[in-house]
Amino acid sequence: MRIAVPVKGRLREPTVALLAAAGLGPEEPGERALAFSCRNAPIDVLLVRAGDVPEYVQDGVVDYGVTGADLVRERGAQVTQLLRLGFGACRLEAAVPDESSVTTMAGMSGLTVATVYPRLTNELLPADVTLVQVSGSVELTPRLGLAGGIVDLVSSGSTLRTNGLRSLGVLFESEAVLIGREPDVTSPLVSMLRAVTEARAHRYLMFNMPESALDKACAIVRGAQAPSVLPLAEPGTVAVHALVRATDVWRLFPQLEAIGASSMLVVPVERMVA
Ligand code: AMP
């Protein structure tokens, strides 16, 4: 089995780390390596440019690929998105110079817009714009007089601000994805990677509490599958264990404390099959 992953850039390290977390035992790829194998599974990993991954998968050169959802869409490749991987999150945003009178994406009509993403810009920008295709440093183009606005990837927004640009809105939300040629529900590789990405999005929450407040505790951790409730040696007290979304933990802690929960523990989950 062959899988293509980005040879460089911000998706490379998290992708190799994901293969390791799935237990595949990827060999340490050297700086200049273009392929490596896995110790624990018959999988060859090909290192290619992130933008070429969709085509490699579409053409059957590899069975699977990891790349940004933005690049899959931009390349217009005939592939299936099998899994969102939970890293490489970014947004494709439209922006204009701070001093521009344009305040909405619809208001960009008639503007010259520079981008590395001509297909997505054409498809998603609700305006009649003239595209200038560049291959990098998009944020500089308004200052150089090449464009009146841009469409580019943004994660924190600081690059836009540093270059005196103001966002007008989001055209596309992206993250790293696993792609294949067709829907593939039985593949062990897809199941393994799903088990890791699901696990990363959850935490195992444990706490002790008075049995009398159990209904309230269950209501607070609702959304979790039925929590486990274990009797403690001290009469009238129980331990509650529940699987919760990682992003909810900060909200749950004070609510549980308020109803008498104590000895609260949050534990990472390694793999999870719902
Ligand atoms: P790179 O190879 O580092 O230029 O980026 C390749 C992919 O990383 C992009 O196509 C996006 O899917 C993803 N990415 C995540 N955050 C960002 C960001 N702030 N800017 C550019 N790309 C990003």
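Counting convention: from 1, in listed order, for ligands and their atoms alike.
- Electrostatic pairing of Arg73 and Glu123 counts as a salt bridge here, judged by a charged N lying under 4.0 Å from a carboxylate O.
- Heavy atoms of other residues, nucleotides or ligands lying less than 6.0 angstrom from OH of Tyr64 number more than 12.
- Nearest protein heavy-atom neighbour of atom 2 (O) of ligand 1: Gly9 CA, 3.6 Å.
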Test salt bridge (Lys or Arg N to Asp or Glu O under 4.0 Å) applied to Arg84 and Glu175, step by step: CA-CA 7 Å; Arg84 297 175 78 88; Glu175 71 180 274; 2.9 Å; yes
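- Annotation for ligand 1: atoms under 4.0 Å from non-hydrogen atoms of Asp70 are 9 (C), 10 (O), 11 (C), 12 (O).
- Interface of Leu153 with ligand 1, defined as ligand atoms under 4.0 Å from a residue heavy atom, comprises 9 (C), 10 (O), 11 (C), 20 (N), 21 (C), 22 (N), 23 (C).
- Compare Ala50, Ser155, Cys90, Ser158 by their heavy atoms: the one nearest to atom 13 (C) of ligand 1 is in Cys90.
- Note that atom 4 (O) of ligand 1 has no protein non-hydrogen atoms nearby, at separations under 4.0 angstrom.
- Protein heavy atom closest to atom 7 (C) of ligand 1, with residue, atom name and distance, is Leu11 CD1, 3.8 Å.
- Here is the list of ligand 1 atoms found below 4.0 Å of a heavy atom in Gly68: 12 (O).
- Between Leu205 and Val221, the shortest heavy-atom contact is CD2-CG1, 4.2 Å.
- In Glu270, the CD atom is not crowded: 12 or fewer heavy atoms of neighbouring residues, nucleotides or ligands sit closer than 6.0 Å.
- Taking every non-hydrogen atom of Tyr117 and a distance limit under 4.0 Å, the qualifying atoms of ligand 1 come out as 10 (O).
- Contact annotation for Phe87 and ligand 1: no heavy atom of the residue comes within less than 4.0 Å of the ligand.
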Steps toward side chain to side chain donor-acceptor pair (under 3.5 Å) verdict (Thr159, Glu139): CA-CA 8 Å; Thr159 312; Glu139 298 90 349; 5.0 Å; no
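- Under the side-chain contact (heavy atoms from CB on, under 4.5 Å) rule, Leu24 has a single partner from Asn40, Val16, Ile43, which is Ile43.
- Heavy-atom contacts of Gly88 reach the following atoms of ligand 1: 15 (C) (cutoff under 4.0 Å).
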